[in-house]
Participant: 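Please read through the structure below; I'll follow up with questions.
Computed from a predicted model, the values in this text were never measured in an experiment. Read the numbers this way: they start at 1 and go in the same order the structure lists the ligands and their atoms. The first residue in the sequence is number 1, and the count goes up from there.
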Amino acid sequence: MLAVRAFDALLRERGVPYHAERPLAPYTTMKVGGPAEFLVEPRTPEDLAAVFSAARECDLPVRFLGSGANLLVGDAGTRGAVIYLRHFGRRDGLHVGAGYSLPRLCKETAAEGLTGLEVLAGIPATVGGAVRMNAGGKHGEIASSVLYVDVMTPAGDLRRMSKEQVGFRYRRTSLDGAIVIAAGFDLRPGEGARARYDAVMDEKRKAQPLGTHNAGCMFKNPPGGHAGRMIDQCGLKGERVGGAHVSRKHANFIVNDGGATASDVLALVERIRSRIPALELEVEVW
Ligand code: FAD
Ligand code: EPU
């Protein structure tokens with residue numbers, strides 16, 4: 001309680017905009033979960049550094065929120081600070097702020113005759129969240145188009161990381177607690193990006209329950225396999241706990257019908273794992 005009061009006072013003193021006890025469900029695509037103790041919206045790198053230092057002084061945890069498309073927030077919500085970079089959403093050519101919408105960037109660059117990002121059509125994300133997750137699929141990953149990533153470390157230092165330093169792997173990076181504030185892209189002029197964008201989007205629409213409340217694929221694909229196919233082969237499509245069910249369209253998606261709690265989703269995750277223990281969560285649980 002003391003830490004919470006002290007953090008609150010430090011944010012006020014340093015003039016950083018924030019909301020206390022802000023429900024997080026509306027900030028996620030799954031639409032479940034409780035409030036953030038603090039949802040902080042820094043406007044500048046100085047604000048951001050102030051949040052990191054205040055959290056350190058008060059010994060409170062810090063988390064980063066993009067568009068919440070790969071998150072499952074627990075029903076009790078989160079302690080400490082959730083940093084939301086909505087004020088870091090500017091695009092200047094191919095230097096793009098972390099809060100910028102990835103779908104918008106993919107569409108815009110394709111329309112500008114640049115190729116590279118059209119393979120990421122249909123992935124809801126901010127640029128920061130997509131870099132952190134190395135978002136992608138069978139047509140490619142964001143790593144292939146990234147030139148550099150600008151981050152702030154938890155110590156408040158600004159750094160430009162090369163693609164090699166970011167350590168992109170399958171749905172993973174090595175950012176070590178640093179927050180992405182912008183990324184530079186290396187896209188090539190070329191034909192047909194818009195047509196490929198439409199084709200990838202069409203494929204996703206056919207295969208995935210887009211337009212429902214979900215967090216994308218719940219589990220990573222194990223080496224040499226497909227989690228969706230494995231869950232399907234266990235006969236778990238349509239399996240339900242409360243307001244959450246395994247999508248009939250794609251078995252690696254859990255859909256919130258509207259009334260689900262995070263506990264419903266987690267119980268369904270455990271039911272799937274009791275059948276296929278090798279599956280590892282892709283979605284991050286808060
Ligand atoms: P969030 O979900 O908000 O956060 C995800 C992680 O990134 C968290 O650890 C968070 O702390 C961290 N993070 C967020 N912002 C930053 C930042 N600025 N700096 C550092 N860390 C940060 N994913 C794919 O890879 N391929 C797909 O084809 C795909 N399809 C999807 C389809 C649907 C319908 C949905 C709902 C999701 C899908 N996903 C897919 C999952 C999701 O879109 C990606 O994981 C995406 O990268 C999440 O970005 P976000 O901004 O929403 O991040
Ligand atoms: N399949 C089934 N039943 C299902 C779902 C899939 O049998 O219910 C089969 C398909 O028929 C296909 C195989 O499994 O033969 C693979 O399916 P799909 O092509 O849909 O690809 P995926 O491996 O399930 C991956 C990514 C997706 C990405 C797609 C398309 C992971 C965990 N998933 O899915 O990413 O959109 O490729 O590029 O890597 C995400 O990460 O959140 C995500 C949605």
Participant: Let's go through M218 and V265 carefully: what are the C-alpha distance in whole Å and the side-chain angles of both, what is the deciding distance for side chain to side chain contact (heavy atoms under 4.5 Å, CB included) to 0.1 Å, and is it a yes or a no?
Facilitator: CA-CA 10 Å; M218 291 302 296; V265 178; 4.1 Å; yes

Participant: Without swapping roles, check the side chain of D59 against the backbone of A3 for a donor-acceptor pair under 3.5 Å.
Facilitator: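 No, D59 side chain to A3 backbone: no donor-acceptor pair under 3.5 Å.
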
Participant: With a cut-off of 4.0 Å, which atoms of ligand 1 are near a heavy atom of G136?
Facilitator: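 Near G136, meaning under 4.0 Å from one of its heavy atoms, ligand 1 has 24 (C), 25 (O), 26 (N), 27 (C), 28 (O).
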
Participant: Looking at ligand 1, does K204 have a heavy atom less than 4.0 Å from it?
Facilitator: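 Yes, that is the case, since the closest heavy atom of the residue is under 4.0 Å from the ligand.
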
Participant: Please report the shortest heavy-atom distance between P42 and L85, naming the atom on each side.
Facilitator: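 Smallest heavy-atom distance, with atoms named: CG-CD2, 3.9 Å.
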
Participant: Provide, to 0.1 Å, the distance between atom 1 (P) of ligand 1 and the closest protein heavy atom, together with that atom's residue and name.
Facilitator: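 Answer, as residue, atom name and distance: G68 N, 3.6 Å.
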
Participant: Would you check whether L175 has a nitrogen or oxygen atom less than 3.5 angstrom from a nitrogen or oxygen atom of ligand 1?
Facilitator: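 The answer is no, given that L175 and ligand 1 share no N or O pair closer than 3.5 Å.
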
Participant: Got an N/O contact under 3.5 Å between A69 and ligand 1?
Facilitator: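 N/O-N/O distance under 3.5 Å: yes.
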
Participant: Under 4.0 Å from a heavy atom of N214: give me the atoms of ligand 1 that qualify, with their elements.
Facilitator: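 So the atoms of ligand 1 that pass are 33 (C), 34 (C), 35 (C), 36 (C).
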
Participant: Before signing off on this row, confirm whether V180 and ligand 1 have an N or O atom pair separated by under 3.5 Å.
Facilitator: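 In this structure, V180 places an N or O atom under 3.5 Å from an N or O of ligand 1.
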
Participant: Run the salt bridge (Lys or Arg N to Asp or Glu O under 4.0 Å) test on E280 and R172 for me, step by step, so that the C-alpha distance in whole Å, both residues' side-chain angles and the decisive distance to 0.1 Å come before the verdict.
Facilitator: CA-CA 13 Å; E280 193 189 319; R172 278 179 66 189; over 6 Å; no

Participant: Counting only nitrogen or oxygen atoms and a 3.5 angstrom limit, does A98 reach ligand 1?
Facilitator: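 In fact, backbone or side chain, A98 has no N or O that close.
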
Participant: What's the spacing between L39 CG and L65 CG if we round to 0.5 Å?
Facilitator: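 Result: 6.5 Å between the selected atoms.
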
Participant: What protein heavy atom is closest to atom 15 (N) of ligand 1, reported as residue, atom name and distance in Å?
Facilitator: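 So the nearest neighbour among protein heavy atoms is G129 N, 3.6 Å.
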
Participant: Output, in order, the C-alpha distance, side-chain angles, deciding distance and verdict of salt bridge (Lys or Arg N to Asp or Glu O under 4.0 Å) for E270 and R273.
Facilitator: CA-CA 5 Å; E270 284 320 310; R273 265 202 180 136; 3.3 Å; yes

Participant: So, is S67 polar-close to ligand 1, with some N/O to N/O distance under 3.5 Å?
Facilitator: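 Yes, since at least one N or O of S67 sits under 3.5 Å from an N or O of ligand 1.
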
Participant: Find all atoms of ligand 1 within a distance of less than 4.0 Å from any non-hydrogen atom belonging to T126, and give their numbers and elements.
Facilitator: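 Answer, ordered by atom number: 50 (P), 51 (O).
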
Participant: Is the backbone N or O of T261 less than 3.5 Å from a side-chain atom of D264, with the two atoms forming a donor-acceptor pair by type?
Facilitator: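 Looks like yes, one N/O pair under 3.5 Å.
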
Participant: Just to verify, which of K163, R159, H95, Q165 counts as forming a side-chain hydrogen bond (donor to acceptor under 3.5 Å, both in side chains) with Y148?
Facilitator: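 With Y148 as partner, K163, R159, H95, Q165 yield a single side-chain hydrogen bond (donor to acceptor under 3.5 Å, both in side chains), made by H95.
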
Participant: By side chain to side chain donor-acceptor pair (under 3.5 Å), which residues pair with H87, not counting sequence neighbours?
Facilitator: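 H87 satisfies side chain to side chain donor-acceptor pair (under 3.5 Å) with no other residue.
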
Participant: Pull out every atom of ligand 1 sitting under 4.0 Å from any heavy atom of A135, numbered as shown with elements.
Facilitator: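 The list of qualifying atoms is 25 (O), 47 (O).
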
Participant: Side chain of T115, backbone of R188: donor and acceptor closer than 3.5 Å?
Facilitator: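 Checked: pair present.
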
Participant: So, taking the atom named CG in L268 and the one named CD1 in I254, what distance separates them when rounded to the nearest 0.5 Å?
Facilitator: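 Taking CG in L268 and CD1 in I254, the distance rounds to 4.0 Å.
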
Participant: Quick one: which ligand 1 atoms are inside 4.0 Å of a heavy atom on L210?
Facilitator: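 With L210 as reference, the close atoms of ligand 1 come out as 34 (C).
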
Participant: Show me which atoms of ligand 1 lie under 4.0 Å from any heavy atom of M133.
Facilitator: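 Reading through ligand 1 atom by atom, the close ones are 6 (C), 45 (O), 47 (O).
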
Participant: Considering only protein heavy atoms, which is closest to atom 3 (O) of ligand 1, and at what distance to one decimal place?
Facilitator: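 Checking every protein heavy atom, the shortest distance to atom 3 (O) of ligand 1 gives G66 N, 2.7 Å.
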
Participant: Does an N or O from G128, backbone or side chain, lie closer than 3.5 Å to an N or O of ligand 1?
Facilitator: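 N/O-N/O distance under 3.5 Å: no.
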
Participant: Just to confirm my output: which protein heavy-atom neighbour is closest to atom 32 (C) of ligand 1, and how far is it?
Facilitator: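 For atom 32 (C) of ligand 1, the nearest protein heavy atom comes out as P124 CD, 3.7 Å.
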
Participant: Are E284 and ligand 1 in contact, using a heavy-atom cut-off of under 4.0 Å?
Facilitator: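 Yes; E284 lies near enough to ligand 1 that a heavy-atom distance drops under 4.0 Å.
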
Participant: In terms of residue, atom name and distance, what is the protein heavy atom nearest to atom 2 (O) of ligand 1?
Facilitator: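 Protein heavy atom with the smallest distance to atom 2 (O) of ligand 1: N70 N, 2.8 Å.
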
Participant: What protein heavy atom sits nearest atom 12 (C) of ligand 1, and how far off is it?
Facilitator: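 Going atom by atom, the protein heavy atom closest to atom 12 (C) of ligand 1 ends up being R132 CG, 3.4 Å.
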
Participant: Donor-acceptor pair, distance only, cut-off 3.5 Å: does the side chain of N134 make one with the backbone of A143?
Facilitator: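 Yes; at least one donor-acceptor contact below 3.5 Å.
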
Participant: Mind checking whether N221 and Y170 have side chains closer than 4.5 Å, heavy atoms only?
Facilitator: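 They are in side-chain contact.
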
Participant: Could you list, one pair per line, each nitrogen or oxygen of ligand 2 together with any protein nitrogen or oxygen closer than 3.5 Å, giving atom names and the distance rounded to 0.1 Å?
Facilitator:
{"from": "ligand 2", "atom 1": "3 (N)", "to": "D232", "atom 2": "OD2", "distance (Å)": "2.8"}
{"from": "ligand 2", "atom 1": "8 (O)", "to": "K237", "atom 2": "NZ", "distance (Å)": "3.2"}
{"from": "ligand 2", "atom 1": "8 (O)", "to": "A251", "atom 2": "N", "distance (Å)": "2.9"}
{"from": "ligand 2", "atom 1": "15 (O)", "to": "R229", "atom 2": "NH2", "distance (Å)": "2.7"}
{"from": "ligand 2", "atom 1": "19 (O)", "to": "K138", "atom 2": "NZ", "distance (Å)": "2.9"}
{"from": "ligand 2", "atom 1": "20 (O)", "to": "H250", "atom 2": "NE2", "distance (Å)": "3.0"}
{"from": "ligand 2", "atom 1": "23 (O)", "to": "N221", "atom 2": "ND2", "distance (Å)": "2.8"}
{"from": "ligand 2", "atom 1": "23 (O)", "to": "H226", "atom 2": "ND1", "distance (Å)": "2.7"}
{"from": "ligand 2", "atom 1": "24 (O)", "to": "H250", "atom 2": "NE2", "distance (Å)": "2.9"}
{"from": "ligand 2", "atom 1": "35 (O)", "to": "R171", "atom 2": "NH2", "distance (Å)": "3.1"}
{"from": "ligand 2", "atom 1": "36 (O)", "to": "K204", "atom 2": "NZ", "distance (Å)": "3.3"}
{"from": "ligand 2", "atom 1": "36 (O)", "to": "Q208", "atom 2": "NE2", "distance (Å)": "2.9"}
{"from": "ligand 2", "atom 1": "38 (O)", "to": "K138", "atom 2": "N", "distance (Å)": "2.8"}
{"from": "ligand 2", "atom 1": "39 (O)", "to": "Y170", "atom 2": "OH", "distance (Å)": "2.8"}
{"from": "ligand 2", "atom 1": "39 (O)", "to": "R171", "atom 2": "NH2", "distance (Å)": "3.1"}
{"from": "ligand 2", "atom 1": "39 (O)", "to": "N221", "atom 2": "ND2", "distance (Å)": "3.4"}
{"from": "ligand 2", "atom 1": "41 (O)", "to": "R171", "atom 2": "NE", "distance (Å)": "3.1"}
{"from": "ligand 2", "atom 1": "41 (O)", "to": "R171", "atom 2": "NH2", "distance (Å)": "2.9"}
{"from": "ligand 2", "atom 1": "41 (O)", "to": "E282", "atom 2": "OE1", "distance (Å)": "3.0"}
{"from": "ligand 2", "atom 1": "41 (O)", "to": "E282", "atom 2": "OE2", "distance (Å)": "2.8"}
{"from": "ligand 2", "atom 1": "42 (O)", "to": "C217", "atom 2": "N", "distance (Å)": "2.8"}
{"from": "ligand 2", "atom 1": "42 (O)", "to": "E282", "atom 2": "OE2", "distance (Å)": "3.2"}

Participant: Is the closest N or O pair between F64 and ligand 1 shorter than 3.5 Å?
Facilitator: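 N/O-N/O distance below 3.5 Å exists for this pair.
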
Participant: Hey, mind stepping through R169 and S174 against side chain to side chain donor-acceptor pair (under 3.5 Å) and telling me if it holds?
Facilitator: CA-CA 9 Å; R169 282 151 288 161; S174 311; 2.5 Å; yes

Participant: Sequence neighbours left out, what pairs pass side-chain hydrogen bond (donor to acceptor under 3.5 Å, both in side chains) with at least one residue falling in residues 244-256?
Facilitator: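 Those involving residues 244-256 are H245-D257.
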
Participant: If you measure every N/O of W286 against every N/O of ligand 1, is any gap under 3.5 Å?
Facilitator: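 Between W286 and ligand 1, no N or O pair is found under 3.5 Å apart.
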
Participant: With sequence neighbours left out, which residue pairs that include part of residues 210-242 fulfil the ring pair (Phe, Tyr, Trp, His ring centres under 6.0 Å) condition?
Facilitator: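 Applying ring pair (Phe, Tyr, Trp, His ring centres under 6.0 Å) to every pair that reaches into residues 210-242, excluding sequence neighbours, yields nothing.
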
Participant: Verify, without hydrogens or angle tests, whether R171 (side chain) and E282 (backbone) share a donor-acceptor contact under 3.5 angstrom.
Facilitator: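 Not at all, since once roles are kept as given, no pair shorter than 3.5 Å links the two residues.
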
Participant: State the atoms of ligand 1, each with its element, that fall below the 4.0 Å cut-off from a heavy-atom position in R171.
Facilitator: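 Those qualifying, in numeric order: 24 (C), 25 (O), 26 (N).
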
Participant: Does the pair E284 and R132 meet the rule for a salt bridge (Lys or Arg N to Asp or Glu O under 4.0 Å), with working shown?
Facilitator: CA-CA 12 Å; E284 194 173 303; R132 158 68 177 75; 3.5 Å; yes

Participant: Starting from atom 40 (C) of ligand 1, locate the nearest protein heavy atom and write down its residue, its atom name and how far away it is, to 0.1 Å.
Facilitator: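 Answer for atom 40 (C) of ligand 1: I123 CG2, 3.8 Å.
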
Participant: Suppose I only count heavy atoms of T29 and a 4.0 Å limit; which atoms of ligand 1 are within that range?
Facilitator: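 Result: 36 (C).
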
Participant: Has T153 got a side-chain atom pairing as donor or acceptor with A178's backbone, closer than 3.5 angstrom?
Facilitator: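 The answer is no, because no donor-acceptor pair under 3.5 Å joins these two groups.
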
Participant: Considering A178, S101, A125, G216, which one's heavy-atom position lies nearest to atom 46 (C) of ligand 1?
Facilitator: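 Going through A178, S101, A125, G216 one by one, A125 has the nearest heavy atom to atom 46 (C) of ligand 1.
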
